[in-house]
Novice: 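Can you read through this structure? Questions will come right after.
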Protein chains: 2
Amino acid sequence: MANDPLSLTFAALADPTRRALLARLAEGEATVNELAEPFPISLQAVSRHLKVLERAGLVTRGRDAQWRPCRLETAPLEEASVWIGRYHQQWEDRFDRLDAEIRRIRQGQRGTQGENDHE
Amino acid sequence: MANDPLSLTFAALADPTRRALLARLAEGEATVNELAEPFPISLQAVSRHLKVLERAGLVTRGRDAQWRPCRLETAPLEEASVWIGRYHQQWEDRFDRLDAEIRRIRQGQRGTQGENDHE
DNA sequence: CTGTTAATCAACTGATGTGTTGATTATGAC
DNA sequence: GTCATAATCAACACATCAGTTGATTAACAG
């Protein structure tokens, strides 16, 4: 797998268990046991999922005696959102162009009919 | 890998080559050869990347003689954006709470100093 | 020191991802 | 039909992922 920040973030999000962990962490800090409780998999498996999230910068962990409370970090989510959002303007531009073209075709069709099979 | 739509989308985005393909397709349709040209990997590898994007619904393909023009589909990106955005309000809420707490602590510190070690 | 709890580490398995090269299919040009 | 081009399929190699179980580390409780 690629190890650039954006790839790490998207890869971390590409798993329902990890997304659920983030959803839980959005409500506040939690320990590994607390996070693992709802899932039918072993504690070790959850610990590894958290490690993936940590590598992506989506989670940081403190230390409180033998507990290691996990906290959500939103910066990578923001960056992922920005990457996706960068295309949003382009989409709208394309839709606008498409709209314009449709209007143009309709106007043309009032005179000339059934000659345009361009998709 | 999980095969739910959101996981497929995020997994598809978790690769720089595939993100570059999408960026190229945001400018308009393109054939596999056109898409593959800038990359140092084989055409087959690009074809497989496109298949991943297709499985995620991010790309659809037409047919024009022996060419199979690829087109960007934005719906899955929208859904990914929505998933991330769902937490955005919560983040802001948390930041607001943090702000409020900081203000509260500052106010308190004007009278009582150095007793608050709550993180 | 002993025992308990929280969490990770280590080793292994099976599945999947990403790349390669070589063969194959599909279409258009002559 | 024959040839060239666009693209995919097939088989392989190698790495990584996601899960397991068993051992180990770290901290507190008695």
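Just so you know, these numbers use all the heavy atoms, side chains as well, and skip hydrogens, waters and symmetry mates. Protein chains get the first letters and strands the later ones, always in sequence-line order, with residue 1 at the start of each.
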Novice: Check whether any side-chain heavy atom of A/R19 lies under 4.5 Å from a side-chain heavy atom of B/F10, and answer yes or no.
Specialist: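 Yes, at least one pair of side-chain atoms sits under 4.5 Å.
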Novice: Return the set of residues passing side-chain hydrogen bond (donor to acceptor under 3.5 Å, both in side chains) with B/T31 (not counting sequence neighbours), or none when no residue passes.
Specialist: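 Here no residue qualifies.
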Novice: Could you state the atom-to-atom distance from CG of A/L43 to C1' of D/dA23 in whole Å?
Specialist: 15 Å
Novice: Dump the pairs, protein N or O against N or O of nucleotides 16-19 of chain D, anything under 3.5 Å, distances to one decimal.
Specialist:
from: D/dA18; atom 1: OP1; to: A/R18; atom 2: NH1; distance (Å): 3.4
from: D/dA18; atom 1: OP1; to: A/R18; atom 2: NH2; distance (Å): 3.1
from: D/dA18; atom 1: OP2; to: A/R18; atom 2: NH1; distance (Å): 3.1
from: D/dA18; atom 1: N7; to: A/R48; atom 2: NH2; distance (Å): 3.3
from: D/dG19; atom 1: OP2; to: A/H49; atom 2: NE2; distance (Å): 2.3
from: D/dG19; atom 1: N7; to: A/R48; atom 2: NH2; distance (Å): 2.7
from: D/dG19; atom 1: O6; to: A/R48; atom 2: NH1; distance (Å): 3.2
from: D/dG19; atom 1: O6; to: A/R48; atom 2: NH2; distance (Å): 2.1

Novice: Check whether any side-chain N or O of B/K51 sits under 4.0 Å from OP1 or OP2 of D/dC9, and answer yes or no.
Specialist: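 Yes, such a contact exists.
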Novice: Roughly how far, to the nearest 0.5 Å, is the OG1 atom of B/T9 from the CG atom of A/L13?
Specialist: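 Spacing of CG (A/L13) from OG1 (B/T9) equals 11.5 Å.
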Novice: Measure from CZ on B/R61 to P on C/dA26 and round the result to the nearest Å.
Specialist: 16 Å
Novice: So does B/R68 get a side-chain nitrogen or oxygen closer than 4.0 Å to the phosphate oxygens (OP1/OP2) of C/dT25?
Specialist: no
Novice: Between C/dA6 and A/T31, is there an OP1 or OP2 to side-chain N/O distance shorter than 4.0 Å?
Specialist: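 No, outside the criterion.
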Novice: Roughly how far, to the nearest 0.5 Å, is CG of A/D15 from CG of A/L53?
Specialist: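 Reported value, rounded in 0.5 Å steps: 8.5 Å.
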Novice: Measuring from atom CZ of A/R48 to atom CG of A/L43, what distance do you get when rounded to the nearest 0.5 angstrom?
Specialist: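 Rounded to the nearest 0.5 Å, the CZ-CG separation comes out at 12.5 Å.
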Novice: Report the residue from A/T60, A/L21, A/V59, A/L22 that forms a side-chain contact (heavy atoms from CB on, under 4.5 Å) with A/C70.
Specialist: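 When A/T60, A/L21, A/V59, A/L22 are each tested with A/C70, the side-chain contact (heavy atoms from CB on, under 4.5 Å) holds only for A/V59.
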Novice: To the nearest Å, give me how far apart CG (B/N3) and C1' (C/dA15) are.
Specialist: 13 Å
Novice: Is a side-chain donor or acceptor of B/R18 paired with a backbone partner of B/A11 at a separation under 3.5 angstrom?
Specialist: yes
Novice: Without decimals, in angstroms, what is the distance between B/Q44 CD and C/dT25 C1'?
Specialist: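 It is 14 Å, rounded to the nearest whole Å.
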Novice: Report the distance from atom CD of A/E37 to atom C1' of C/dT5, rounded to the nearest whole Å.
Specialist: 16 Å
Novice: Working to the nearest 0.5 angstrom, can you tell me the gap between B/R24 CZ and B/E37 CD?
Specialist: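 Between atom CZ of B/R24 and atom CD of B/E37 there are 10.0 Å.
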Novice: List, with names and distances, any nitrogen or oxygen atoms from the protein found under 3.5 Å away from nitrogen or oxygen atoms belonging to nucleotides 27-29 of chain D.
Specialist:
from: D/dA27; atom 1: OP1; to: A/R63; atom 2: NH1; distance (Å): 3.4

Novice: To the nearest 0.5 angstrom, please state how far the OG1 atom of A/T74 sits from the CD1 atom of B/I84.
Specialist: 11.5 Å
Novice: Within the pair A/N33 and C/dA7, is there a side-chain N or O less than 4.0 Å away from OP1 or OP2?
Specialist: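 So the side-chain polar atoms of A/N33 do come within 4.0 Å of the phosphate oxygens OP1 or OP2 of C/dA7, strictly under.
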